Amino acid sequence: MRGNLILLVIFIIPLIGSYIGWIIGKKEERYRDVFNIFLTGMELVIVTFLYKKVTVKPMELYVPDIMGTGLHLKLDVFRYIFVWVTVFIWFLITIYSTQYLIKYKNRNRYYAFFMLTLGSTLGIFLSENLLNLFTFFEIMSFTSYILVIHDEDEYAHEAGRSYISMAIIGGLILLMGLFLLFDYTGTVEISLLASRFMYLDNIKYIITTLIIIGFGVKASMVPLHVWLPKAHPAAPTPASAVLSGILVKTGIFGIMIMVNIIMQGDIAVSTVIMVMGFINMFLGGFLALFQRNTKRILAYSSMSQMGYILVGLGLIGILKEHKEIAIYATLYHIFNHAIFKVLLFLCAGIIYMIIHDLSINIVRGFGKHKTILKILFIIGFFAIIGMPGFNGFISKTLLHEALAQAHHKHHSIWFTVAEVVFTISSSFTVAYLLKIFVTIFLEESEKYRGQYKSHIKKRAVIPMLILSFMIIFIGLQPNIFLRFLDGAVKNFEGHVYLKEHFYTISNIKNSIIPMIIGLIIFFGFIKKYLRRESEVGPVYVNPSLNWFKLEENLYIPVGKTLYKVSSAIFHVIDRGVVNIVMHITDALKALSGIKIKKPEIMTREFKRPNIFNKEYIKRQKERFQEFNVFKKEKVKEYKHELITFSDILEGVRNRLNSIIYAVFIFAVMIIIILALLLF
């Protein structure tokens, strides 16, 4: 228990460090930058040293009386993949940020929320309790929102509204699913849910749908992806890099927990996830072809790459007893995507630091003579398209083999269609990355002939060199990382997949075919139909700007309509309730005005009789005799006067007060007696 407190330390360090860094930054920004680099570096060292312990036995920590159900943290090999790549990427981007943000405003605020986002993200990956996970998930949404709107211009605020609106809606839907989940199972502990969930009837599919929608927003799952192409270009490049490389993985992590652990790879849910993955894969790549902003192209690329991962998640359930290769493929691509996508974003950031623009029509020819930047971009480019010798080739080959196994197992024509979509989507990746590379790094432009070396410091280039080295190392030595994934496969009750021969003729051929088709798409479609000649030279056009937009043409109008309709309905209900209350009030007022007679005894002062008075005794005897003789006759002894109904209510209230006081005194006496008896 005491040794596992390190799990608490892992995500608390960035949370406390964000405040300390903010205090330091108010006095000296240089010291704050050094402090943040040291803090994220320390995180990386701590997590790295936990590897041997985690591979032997999972680490768990339970802290009661926090968040209602307690704080339950767990670190096994499956979670370790997410945690390690998070702290690794954060460390490199923190170094990069110290160069990138030199000319930015609100740098102190940026670093504070950057570290808060790190802490909440680690909290998500460490959570073994879905309520804990949800809490950190929502914290991460709000802290990362500040990163998205950092520039505080009109476009940044528009992107921020889209981002936070989708995050809140997704969070509410996720919370609804968690309420139902707890109501039907009595727990939100991930380790207990699988055994209890299997006994539920069809309500489990409703719960699963709600939870997947909640996580699907962050994972940019179609049609919940609308925030992605806005948020990535709006945020500073380091924030865009973590949004694409890490934060979208929090949604993937949640979906993986729900589909492959709690639902245990239910065939219906897995099929839906796989289909949604193919839609993501195809649509994200297709829309990326038309974009002109480099970061927006990379944003749609992230949407497409999440499609590959979702396909892998679906194949885990579809392959059932042969699911091992799908697990390896999915986890491998989660790791690889974080590496090569962050590298591509950092390359784009270098361009923006100098030109302050990322439209390929404006920065055309910038990288023609920038040798180092060109090589770094080529490495990221080759990795994402699956070129042999780079890390993307390994995970894409595994995904393709998992898809081929599913085709062989089920013999359905739909898997033939799926393989075609897989190939075409990979071709789109080649085409839109080639569009960036050819325009920026191969075309000539006299105004960018200078090297601009004075603008770029080593601390911006070193993180990119490290990422490039990892891409090539994993591509050449894929089985080293494959062995690292063995422990994670056991988490999904799969058998360890011993060894895979990646560099076969068949696998290389399968990777080359999409590249050839991608070249055809680039030269036959992009350069022919999307490129126009103008007075300033060739420019690219984007006809997709005039297409149907989900957010502007569907979500916002539907949201406004629902708001107006619900407002009208609740207005009618509200007026109805008000009218009913007013009628009841008027009726009571009318009733209170009715005058009735009351006995004189109610108005005269009551005096205690003297029972020893002879005259009193004589009068009482006479009355008693008179009553016996004339008992059928009503005796009118009291004078009467007119009173109102409200006077009677007041009298009743006074009498009730007397009763209440009496009951209260009696209760106090009982409590005192019980206390004396007990003590």
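Here the structure is a predicted model, which is why all the values come from computation and not from measurement.
- Taking the centre and axis of the six-membered ring of F137, the NZ or CZ atom of K218 falls inside the cone set by 45° and 6.0 Å.
- Remark: of the listed residues F11, F78, F253, Y80, F253 is the sole one forming a ring-ring contact (aromatic ring centres under 6.0 Å, His included) with F125.
- For S144 and Y163, the side-chain atoms include at least one donor-acceptor pair closer than 3.5 Å.
- Atom CD1 in I339 sits 6.0 Å away from atom CD1 in I474 (nearest 0.5 Å).
- Residues D486 and Y328 have side chains that bring a donor and an acceptor to within less than 3.5 angstrom of each other.
- With 3.5 Å as the limit, one finds a donor-acceptor pair spanning the side chains of Y100 and T237.
- No hydrogens or angles considered: nothing links the side chains of N132 and T135 as a donor-acceptor pair under 3.5 Å.
- Under 3.5 Å, the side chains of N336 and S395 contain a donor-acceptor pair of N or O atoms.
- In this structure, Y332 contributes its side chain and L485 its backbone to no donor-acceptor pair below 3.5 Å.
- Within a 6.0 Å radius of OH in Y184, no more than 12 heavy atoms belonging to other residues, nucleotides or ligands are found.
- Using a 4.0 Å cut-off between charged nitrogen and carboxylate oxygen, E401 and K396 do not count as a salt-bridge pair.
- At least one donor-acceptor pair under 3.5 Å links the side chain of R79 to the backbone N or O of S127.
- Using modelled atom types, one side-chain atom of S511 and one backbone atom of I508 make a donor-acceptor pair closer than 3.5 Å.
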